[in-house]
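Atoms within a ligand are numbered from 1 in the order they appear, just like the ligands themselves.
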Amino acid sequence: MTHDTLTITDNRTNQTYTLPIENGTVRALEFRQIKAYPEDFGLMTYDPAFMNTASCQSSITVIEGERGILQYRGYPIEVLAEHCTFLEIAYLLLFGDLPNETELKNWVSEITHHTMLHETTKKFMEGFRYDAHPMAMLVSTVAALSTVYPEAGNIHDPSNRLLQIKRLTGKMPSIAAMSYRHNLGFPYVYPDNDLSYSENFMNMLWKMVEPKYVANPVLAHALDILFILHADHEQNCSANVMRSVGSAHADPYLTTAAAAAALSGPLHGGANEEVLKMLDEIGSRENVPGYVKKVKEGHGKLMGFGHRIYKNHDPRAKIMKWTADQVFEVTGRNPKLDIALELERIALEDEYFIKRKLYPNVDFYSGIIYQAMGFKPEMFTVLFAIPRTVGWLAQWQEMFLQPEQKIARPRQIYTGHKARPFLALERRAPGGTRKD
Ligand SMILES: CC(C)(COP(=O)(O)OP(=O)(O)OC[C@H]1O[C@@H](n2cnc3c(N)ncnc32)[C@H](O)[C@@H]1OP(=O)(O)O)[C@@H](O)C(=O)NCCC(=O)NCCS
């Protein structure tokens with residue numbers, strides 16, 4: 001007979017407690033009843049970096065790391081990448097089910113009609129230095145949208161929330177394209193409503209003086225697939241920021257900017273930029289064994305390798321490789337691919353990487369594709385942020401609908417001074433000591 005409970009004996013008191021197990025978890029607050037003495041605060045759990053803590057209940061995305069499975073709302077990522085457009089996936093993530101034809105038509109039309117940016121946003125963008133990092137421009141400009149839409153602060157109104165979700169989904173490619181053209185010194189291009197989401201993004205990136213931009217269909221499809229693969233990834237660092245900042249009821253523009261700031265870090269979305277720097281540093285296939293040796297000796301990491309959750313393979317990396325082949329048919333082969341393939345081959349046969357379950361992740365190939373398309377590495381995380389905004393918004397919206405959600409506020413283990421006497425300024429010596 002099985003019992004969905006956990007029985008613990010506190011050896012300090014010899015007292016036994018039985019805690020309920022729900023969905024393979026024990027509520028951390030249950031531990032609070034375990035006290036060494038009556039005034040004791042109660043036991044807490046200690047989990048830096050959330051290695052083994054579920055912070056919410058979610059029905060959006062699931063990853064089974066040991067089996068290399070990623071599903072959005074129950075659909076495997078491979079099937080979605082093969083059959084859907086990015087805006088279909090956005091609908092799926094935000095509303096829970098795939099749209100039918102009418103729903104999709106309306107959704108595409110609504111997002112398309114939210115791609116324009118207010119002219120003041122353009123002026124704001126013009127204020128950045130000519131060589132500003134595009135990700136820093138994107139983060140700041142998304143935050144600045146809060147000044148354009150002050151009503152966004154009314155986060156308790158579901159229809160108002162939905163309006164901001166549509167605006168952010170529609171405007172992210174426009175902001176991303178502006179940050180790209182700002183670095184090049186080119187004038188910004190307005191959206192074209194005749195084009196699909198990714199075609200329009202290409203239009204805003206690359207249109208010059210031609211009256212109508214015509215996107216290469218293979219590249220547009222590849223971008224759409226890349227957007228699908230990056231749309232959500234359950235409780236990753238930036239999604240956690242989105243929920244955490246959102247739990248304080250900040251408006252969705254400021255909250256999304258905070259999540260995008262987290263994404264910019266080299267251990268998160270910034271990794272694809274680091275992969276390209278690493279491949280540049282390696283320089284040629286012959287140098288790969290020496291580079292791997294250095295990594296094994298503790299000098300740096302193989303960027304684009306390893307994942308907190310995937311411990312078998314990252315299913316997105318396989319689709320990424322297929323997409324790379326399609327893109328190279330149009331752009332010509334990126335010579336970095338040879339270094340990357342050699343790196344993957346050597347690492348996957350090496351005991352160090354096998355033992356630690358380190359496999360190429362989504363970022364390993366995305367940078368090579370983006371570079372072949374003509375993007376500089378600084379743009380890579382911006383390209384990640386466009387689709388991930390939909391994932392963040394889905395997580396944000398879900399958070400509001402959970403009755404037990406409160407402001408996110410972890411506990412700590414205090415390791416500082418016990419209360420100590422205050423010293424007046426004239427009596428203080430260096431290092432917090434007294435003069436006399
Ligand atoms: C993604 C990442 C942050 C996950 O980190 P994590 O779950 O905390 O894993 P850890 O840092 O505990 O790593 C476990 C072991 O593998 C090693 N390791 C992890 N990633 C490695 C990498 N990319 N190259 C070499 N060694 C690596 C660690 O040094 C550690 O070794 P040890 O047990 O001898 O100390 C980490 O793998 C990483 O930094 N990868 C490179 C950056 C990257 O590609 N990020 C994109 C993620 S989608």
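- At the shortest separation from atom 47 (C) of ligand 1 among protein heavy atoms lies N361 ND2, 3.7 Å.
- Below 30°, between 30° and 60°, or above 60°: for F128 and F124 the angle between ring planes is above 60°, a perpendicular geometry.
- Checking only distances, G300 never comes within under 3.5 Å of ligand 1, N or O to N or O.
- The heavy atom nearest to atom 23 (N) of ligand 1, considering only L302, D314, N236, V292, is found in L302.
- Remark: ligand 1 atoms within the under-4.0 Å shell around heavy atoms of R356 are 15 (C), 16 (O), 17 (C), 31 (O), 32 (P), 33 (O), 34 (O).
- The protein does not reach atom 9 (O) of ligand 1 closely, with no heavy atom under 4.0 angstrom from it.
- The nearest protein heavy atom to atom 41 (C) of ligand 1 is closer than 4.0 Å.
- With contacts defined as side-chain heavy-atom distances shorter than 4.5 Å, the pair Q164/W396 does not qualify.
- Numbered from 1 in the order shown, with element, the atoms of ligand 1 that lie under 4.0 Å from a heavy atom of D363 read 46 (C), 48 (S).
- Listed by atom number, the atoms of ligand 1 under 4.0 Å from G304 heavy atoms are 43 (C), 44 (O).
- The nearest heavy-atom contact from the protein to atom 3 (C) of ligand 1 is L267 O, 4.4 Å.
- Counted by atom type alone, W322 and Y365 present zero donor-acceptor pairs between their side chains at under 3.5 Å.
- Inter-residue side-chain proximity for M379 and M373 is flagged as unmet; no heavy-atom pair is nearer than 4.5 Å.
- Proximity of P134 to N183: side-chain heavy atoms (C-beta onward) are separated by under 4.5 Å at one or more points.
- Ranked by closest heavy atom to atom 7 (O) of ligand 1, the top entry among K355, H299, R308 is R308.
- Under 3.5 Å, the side chains of E234 and S58 contain no donor-acceptor pair of N or O atoms.
- Looking at M303 and D363, their side chains never come closer than 4.5 Å, going by heavy atoms from C-beta outward.
- At the top of the distance list for atom 11 (O) of ligand 1, counting protein heavy atoms only, stands K301 NZ, 3.9 Å.
- Of all the heavy atoms in M125 and H182, the pair that sits closest is O-CE1, 3.3 Å.
- Put simply, the side chain of E22 does not reach to within 4.5 Å of the side chain of D4, judged on heavy atoms.
- For atom 27 (C) of ligand 1, the nearest non-hydrogen atom of the protein is L358 CD1, 3.5 Å.
- For atom 18 (N) of ligand 1, the nearest protein heavy atom lies under 4.0 Å away.
- At a threshold of 4.5 Å between non-hydrogen side-chain atoms, the residues T141 and S179 do not count as touching.
- Close contacts between ligand 1 and G306 involve ligand atoms 1 (C), 37 (O) [criterion: under 4.0 Å to a heavy atom].
- M399 CE to Q395 CD: the interatomic distance, rounded to the nearest 0.5 Å, is 10.5 Å.
- The residue from Y352, Y310, F353 that puts a heavy atom closest to atom 26 (N) of ligand 1 is Y352.
- Residue contact check for ligand 1: V362 places no non-hydrogen atom closer than 4.0 Å to it.
- Protein heavy atom closest to atom 25 (C) of ligand 1, with residue, atom name and distance, is V295 CG1, 3.6 Å.
- Distance screen at 4.0 Å: atom 38 (C) of ligand 1 has a protein heavy-atom neighbour inside the cut-off.
- Counting only heavy atoms, the protein never gets under 4.0 Å from atom 35 (O) of ligand 1.
- Residues L43 and R12 form a side-chain contact, since some pair of their non-hydrogen atoms from C-beta on lies under 4.5 Å apart.
- Ligand 1 does not have F364 within reach: every non-hydrogen atom of the residue lies 4.0 Å or more from it.
- A cation-pi contact, defined as under 6.0 Å to the ring centre and within 45° of the axis, is absent between R73 and Y75.
- Atom 45 (N) of ligand 1 lies below 4.0 Å from at least one non-hydrogen atom of the protein.
- Of all atoms in ligand 1, listed by their number and element, those nearer than 4.0 Å to a heavy atom of A271 are 43 (C), 44 (O), 45 (N), 46 (C).
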